[in-house]
Structures are given as structure tokens and as C-alpha cells.
Amino acid sequence: MTAAAFELAQVNIARLKAPLDSPQLKDFVDALDPVNADADAAEGFVWRLQDDSGDATNVPVFGDSWLIINMSVWRDTDALTAYMYQGRHREMLARRREWFERVQEAMVTLWWVPAGHRPTVAEAESRLLHLRTHGPTPYAFTLRTSFPPQGATPLLGEVPEGLGCSV
């Protein structure tokens with residue numbers, strides 16, 4: 001199979017410091033639509049999880065109402081990285097400690113899916129738990145330690161200091 005037969009799925013979850021309708025999270029909530037629009041228009045973007053509101057803030061994850069989820073599919077790690085570390089999304093990453101609790105366990109994971117597959121929340125939860133238990137593997141990995149679609153030797157990536165997953 002060729003790399004084009006695969007797309008990159010990513011999930012990140014975050015534990016809110018306050019309710020979404022609180023003044024503390026106003027800047028975050030106000031930025032959701034523009035940041036999502038940037039993603040939708042980004043080179044290499046394929047799909048993102050959303051409900052009828054246009055985002056995924058009301059989609060349950062791990063049965064915890066204080067967790068929110070972002071899940072998307074991209075052409076490859078280069079496309080995802082290019083989007084993540086520029087523009088409005090980079091600005092939001094820089095401010096994440098204002099809105100989200102700092103946690104010890106991995107909250108972000110990546111995995112390859114067959115082109116056209118749209119991952120479920122249950123699939124994302126499974127991948128994230130696998131990463132927490134086993135570290136980066138072809139089944140679930142990070143930008144710092146990624147794997148090609150065929151799951152061969154890990155590829156160590158460059159992530160700007162302070163913006164990536166610590167795993």
C-alpha cells in the first residue's frame with residue numbers, strides 16, 4: 001500500500017479549568033469558529049469531528065464532562081504540523097494554560113487510518129489509552145515520535161519547545 005492509501009488521524013483532549021460559558025473561557029470559545037475555519041481551509045486538511053453546533057465541545061469523551069475533544073484527519077504529519085504551529089492556532093496553543101488544566105498523562109495522539117475512514121470517539125479513546133500505557137508505537141504515536149503509515153521505524157520530528165505533547 002502507498003502512503004496515499006492512508007491519512008493521519010489526530011485527537012487531543014483537554015480538561016477545562018472552568019465551564020465553557022464562563023468569562024474565563026470567553027476568548028477560547030470566541031476563537032473556536034475562526035480557528036476551525038482556518039483548519040477547514042488548511043492545506044492537507046481532510047475532516048474534523050463536529051456536532052450540529054459546528055465544533056466538538058459538546059461531544060462526550062471518557063465520560064467526563066470537564067473534558068473536551070478535538071479530532072481531525074489530515075493528509076500527513078507535515079500538513080498537521082504546518083497548521084498547528086502558525087496563525088490563530090499557534091496563538092491558542094500559547095494560551096492553553098489559561099483555559100485548560102495541566103495534566104501528567106498524554107492528551108494527544110496520532111494514528112494512521114485508511115483513506116476515507118472517519119474515526120470515532122471510542123477509537124480515539126482506545127488509541128490515547130494505548131499511548132498512555134505503551135508509549136509511542138505504530139498504533140498510537142506523537143509528533144515527536146511518529147511512524148510512517150506502514151508502521152516501520154519511528155521518525156523523530158521537530159516540535160517547537162513548549163507547544164507539543166511531552167510524551
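Positions are given from 1 along the sequence. All of these numbers come straight from a predicted model, not from anything done at the bench.
- A donor-acceptor contact under 3.5 angstrom links the side chains of Q10 and N70, judged on distance only.
- In this structure, V46 and S72 have side chains that are not in contact, with every pair of non-hydrogen atoms separated by 4.5 Å or more.
- No side-chain donor from either of T109 and W111 sits under 3.5 Å from a side-chain acceptor of the other.
- Geometrically, R132 engages F62 in a cation-pi contact, judged by NZ or CZ lying under 6.0 Å from the ring centre and within 45° of the ring axis.
- A salt bridge links R118 to E7: at least one charged side-chain nitrogen sits closer than 4.0 Å to a carboxylate oxygen.
- Of all heavy-atom pairs between I68 and T57, the closest is CG2-O, 3.9 Å.
- For the pair R127 and Y139, the cation-pi criterion (under 6.0 Å, within 45° of the ring axis) is fulfilled.
- Between L110 and the options V11, L80, T142, N12, a side chain to side chain contact (heavy atoms under 4.5 Å, CB included) holds for only L80.
- A donor-acceptor contact under 3.5 angstrom links the side chains of H117 and E123, judged on distance only.
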Identify every side-chain donor-acceptor pair in residues 14-21 under 3.5 Å, counting partners at least two apart or on other chains, and give the distances.
unit_1 : atom_1 : unit_2 : atom_2 : d
R15    : NH1    : D64    : OD2    : 2.8
R15    : NH2    : D64    : OD2    : 2.9
K17    : NZ     : R97    : O      : 2.5

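- Checked by atom type and distance alone, the side chain of H89 pairs as donor or acceptor with a backbone atom of M84 at under 3.5 Å.
- P119 is listed as a side-chain neighbour of W47, based on a closest heavy-atom distance under 4.5 Å.
- Annotation: the span from D30 atom CG to F28 atom CZ amounts to 10.5 Å, rounded to 0.5 Å.
- A donor-acceptor pair under 3.5 Å links the side-chain atoms of T133 to the main chain of L129, judged by distance alone.
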Start with the C-alpha gap between W74 and Y83, add the side-chain angles, then the distance that decides, and say whether ring pair (Phe, Tyr, Trp, His ring centres under 6.0 Å) holds. CA-CA 10 Å; W74 295 80; Y83 165 73; 5.3 Å; yes
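- Between D40 and F45 there is a side-chain heavy-atom pair separated by less than 4.5 Å.
- A heavy-atom distance below 4.5 Å is found between the side chains of L8 and W112.
- The side chain to side chain donor-acceptor pair (under 3.5 Å) search around D27 returns R95, not counting sequence neighbours.
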